[in-house]
Asks: 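Would you mind keeping the following structure in view while I ask a few things?
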Amino acid sequence: MSAGLTRIGDIADLPAELKGCVVAIGNFDGVHRGHQAVLGRAKDEAARLGVPLVCLTFEPHPRTVFKPDQPVARLTAAPLKARILSVLGFDAVVEQAFTREFAAQSAESFIRNILLEQLAARHVVVGYDFQYGARRAGTPATLIQAGHELGFGVTVVDEFDDEGGAVVSSSRVRVDLAAGDIAGANSLLGYRWMVSGTVEHGRKLGRSLGYPTANMQLADDCLLAHGIYAVRFRRADGSLHGGVASFGRRPTFDDGAPVFETFLLDFSGDLYGEEAVISIFAYLRGELKFDNVDALIRQMDADTEVARQILARAEPLSEIDRHLAFVTNA
């Protein structure tokens, strides 16, 4: 994994040495296989031209700005997106603040101010459905025309279909996650979907059962189905640990607010306050309410054994997945 990725919050702060770049533009929420086709083309162009490789994305998701009462449930928080872009070989990601003021600039202004003045872009790579500028007036066709007139290259990448001939999309990933279809979501992504957070103190119920857990809160809009999962847990030091995770309301005990709890296999130690990234390998079962603690412990024993077997035979889905979920790194 590249250690050199630079995260930039405002395009005006792009360092001079990153200008004259190839830039891939898009929301890239999920960084699924369709997005990777766009990003991969950008990487190829940057290698061909011998120039920096930059991703321009937007925070928050534009639809959340225009429809705040219907916010988009995010698949990939900005730090995780940056992690994936680093694996893909990008030099920088611009996490441009998306506001109504930013959106109000004309398509022509976007090209001249953003692409030419701020990025000095040599080549621009976008997806087939890319739109830009006020009232979404800019299209791939207008972008190609501007490139001809102003001297920068443009590549428009066609839609990416899965093995069944259906378009790979972030919406499909969201549906699969909400349904507990982790295998389906991971197939669309091309890597194991990840969550992240800070390990917090909990009620220590797991410890009393012989299953101490690392607890974290996920985003309020997280679509992940409540249930039990086989996971790999990456600590702040880069080490990887197999685990069994529960996401839900703990119906046997308090039916409280949802929490993500991970029991790390063959591990003992203090994780409080650490930032962790968790790759989700498989959905084991739904959340259940047990009649007594002994029944719960028996089920946890069975879940742990199943998770061990799944993780032991797991293979990387892609080179990206190998870096994210299989390779220990500092």
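Heads up: numbering here begins at 1 and tracks the sequence. Only heavy atoms go into these numbers, but all of them, side chains included; no hydrogens, no water, no symmetry mates.
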Asks: Do L115 and V125 belong together in a cluster built from hydrophobic side chains that touch within less than 4.5 Å?
Replies: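 Each belongs to a different hydrophobic cluster.
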
Asks: Find the distance between CG (N292) and CZ (F290) and round it off to the nearest 0.5 Å.
Replies: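 With rounding to 0.5 Å, CG (N292) is 9.5 Å from CZ (F290).
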
Asks: With sequence neighbours excluded, what pairs up with T142 under the side chain to side chain donor-acceptor pair (under 3.5 Å) test?
Replies: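 Only Y132 meet the side chain to side chain donor-acceptor pair (under 3.5 Å) criterion with T142.
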
Asks: Using every non-hydrogen atom in the two residues, find where I8 and P15 come nearest and quote the distance to one decimal.
Replies: CD1-CD, 3.6 Å

Asks: Just how far is it from atom CD1 of I278 to atom NE2 of H241, taken to the nearest 0.5 Å?
Replies: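 The CD1 atom of I278 sits 11.5 Å away from the NE2 atom of H241.
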
Asks: Pair T262, L264 - check side-chain contact (heavy atoms from CB on, under 4.5 Å), show working.
Replies: CA-CA 6 Å; T262 307; L264 278 66; 3.8 Å; yes

Asks: Before giving the answer on side-chain contact (heavy atoms from CB on, under 4.5 Å), spell out for Y283 and D181 the whole-Å C-alpha distance, their side-chain angles and the decisive distance to 0.1 Å.
Replies: CA-CA 7 Å; Y283 176 85; D181 186 1; over 6 Å; no

Asks: Test of understanding: clusters of I, L, V, M, F, W, Y form through side-chain heavy atoms closer than 4.5 Å, transitively. Do I182 and L317 belong to the same one?
Replies: no

Asks: Would you check if F233 and V199 make a side-chain contact, meaning some heavy-atom pair closer than 4.5 Å?
Replies: yes

Asks: At what distance, to the nearest 0.5 angstrom, does CZ of R285 lie from OH of Y229?
Replies: 11.5 Å

Asks: In terms of the angle between their ring planes, are F130 and F110 parallel, tilted or perpendicular, with boundaries placed at 30° and 60°?
Replies: tilted

Asks: Looking only at heavy atoms, which two atoms of D161 and V168 are closest? And how far apart?
Replies: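 Smallest heavy-atom distance, with atoms named: C-CG2, 4.2 Å.
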
Asks: V31 and side-chain contact (heavy atoms from CB on, under 4.5 Å): which partner among L80, L39, V87?
Replies: L39

Asks: Please output the side-chain donor-acceptor pairs of residues 218-227 that fall under 3.5 Å, not counting sequence neighbours, one pair per line with the distance.
Replies:
| from | atom 1 | to | atom 2 | distance (Å) |
| --- | --- | --- | --- | --- |
| D221 | OD2 | R74 | N | 3.3 |

Asks: Heavy-atom distance under 4.5 Å between the side chains of V231 and V244, does that happen here?
Replies: no

Asks: Please lay out, stage by stage, how L240 and V327 fare under the test side-chain contact (heavy atoms from CB on, under 4.5 Å).
Replies: CA-CA 8 Å; L240 281 172; V327 176; 5.8 Å; no

Asks: Is there a side-chain contact between M300 and E305, using heavy atoms and a 4.5 Å cut-off?
Replies: no

Asks: Apply ring pair (Phe, Tyr, Trp, His ring centres under 6.0 Å) to the pair F326 and F281, showing each step before the final yes or no.
Replies: CA-CA 11 Å; F326 290 79; F281 278 65; 5.7 Å; yes

Asks: Can Y272 and N215 be counted as having a side-chain donor-acceptor contact under 3.5 angstrom?
Replies: no

Asks: Compile the donor-acceptor pairs under 3.5 Å between side chains in residues 143-155 and protein atoms, sequence neighbours left out, one pair per line.
Replies:
| from | atom 1 | to | atom 2 | distance (Å) |
| --- | --- | --- | --- | --- |
| Q145 | NE2 | E149 | OE2 | 2.9 |
| T155 | OG1 | H123 | NE2 | 2.7 |

Asks: Closest heavy-atom contact between R232 and L311?
Replies: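 Taking every non-hydrogen atom into account, NH2-O, 3.2 Å.
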
Asks: Check whether any side-chain N or O of T213 sits under 3.5 Å from a backbone N or O of E261 as a donor-acceptor pair, and report yes or no.
Replies: no

Asks: Taking the side chain as every heavy atom from C-beta outward, state whether V51 and V22 have any pair of such atoms under 4.5 Å apart.
Replies: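 They are in contact (side-chain heavy atoms under 4.5 Å apart), so the answer is yes.
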
Asks: Tell me the salt bridge (charged side-chain N to carboxylate O under 4.0 Å, His left out) pairs involving residues 91-115, sequence neighbours left out?
Replies: R7-E95

Asks: Can you tell me how far the CG atom of L189 sits from the CD1 atom of I84, to the nearest 0.5 Å?
Replies: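 Reported value, rounded in 0.5 Å steps: 8.0 Å.
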
Asks: Determine whether I11 and I25 fall in the same hydrophobic cluster, where Ile, Leu, Val, Met, Phe, Trp and Tyr are linked whenever their side-chain heavy atoms lie under 4.5 Å apart.
Replies: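 Same cluster.
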
Asks: If we only count heavy atoms from C-beta on, is the Q36 to Y191 side-chain gap below 4.5 Å?
Replies: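 Yes, side chains in contact.
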
Asks: Sequence neighbours excluded, which residues qualify as salt bridge (charged side-chain N to carboxylate O under 4.0 Å, His left out) partners of E274?
Replies: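 Scan of E274 (salt bridge (charged side-chain N to carboxylate O under 4.0 Å, His left out), adjacent residues dropped) gives R235.
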
Asks: Can you establish whether the number of heavy atoms outside R48 located under 6.0 Å from its atom CZ is more than 12?
Replies: yes

Asks: Run the side-chain contact (heavy atoms from CB on, under 4.5 Å) test against A37 and tell me which residues pass, sequence neighbours left out.
Replies: V157, F160

Asks: Any non-hydrogen side-chain atom of T57 less than 4.5 Å from a side-chain atom of V94?
Replies: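 Result no, sub-4.5 Å side-chain heavy-atom pair not found.
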
Asks: Heavy-atom distance under 4.5 Å between the side chains of F102 and Q96, does that happen here?
Replies: yes

Asks: Mind running side-chain contact (heavy atoms from CB on, under 4.5 Å) on E200 and M216 for me, showing each step along the way?
Replies: CA-CA 6 Å; E200 303 174 347; M216 60 180 60; 5.5 Å; no

Asks: With the 4.5 Å side-chain cut-off for hydrophobic clustering, are V65 and F58 part of the same group?
Replies: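 In one cluster with V65: F58, yes.
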
Asks: Nearest 0.5 angstrom please: L88 CG to I320 CD1, how far?
Replies: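 L88 atom CG to I320 atom CD1 measures 4.0 Å (nearest 0.5 Å).
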
Asks: Do you know the tightest heavy-atom contact between D176 and G184?
Replies: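 Taking D176 first and G184 second, the nearest heavy atoms are OD2-C, 3.3 Å.
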
Asks: Give me the atom names and distance for the closest heavy-atom approach of K81 to D29.
Replies: NZ-N, 4.4 Å

Asks: Do side-chain atoms of W193 reach the backbone of L75 as a donor and acceptor pair under 3.5 angstrom?
Replies: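 Looks like yes, one N/O pair under 3.5 Å.
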
Asks: Report the C-alpha separation of D303 and Y211 in whole Å, then their side-chain angles, then the decisive distance to 0.1 Å, and conclude whether the side-chain hydrogen bond (donor to acceptor under 3.5 Å, both in side chains) test is met.
Replies: CA-CA 12 Å; D303 294 337; Y211 282 93; over 6 Å; no

Asks: What is the minimum heavy-atom distance between G190 and D321, and which atoms define it?
Replies: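 For G190 and D321, the tightest heavy-atom pair comes out as O-CB, 4.0 Å.
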
Asks: Under 4.0 Å between a Lys/Arg side-chain N and an Asp/Glu carboxylate O for E163 and R33?
Replies: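 Judged by the 4.0 Å cut-off on N to carboxylate O distance, E163 and R33 do form a salt bridge.
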
Asks: Report the distance from atom NE2 of H61 to atom CG of N27, rounding to the nearest 0.5 Å.
Replies: 4.0 Å

Asks: Any link between F28 and V126 through a network of hydrophobic side chains (Ile, Leu, Val, Met, Phe, Trp, Tyr) touching at under 4.5 Å?
Replies: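 In one cluster: no.
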
Asks: Is there side-chain contact between H32 and S170, with heavy atoms separated by less than 4.5 Å?
Replies: yes

Asks: Examine distances only and state if a side-chain atom of R192 and a backbone atom of A325 form a donor-acceptor pair shorter than 3.5 Å.
Replies: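 Side chain of R192 to backbone of A325, a donor-acceptor pair under 3.5 Å: no, none is there.
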
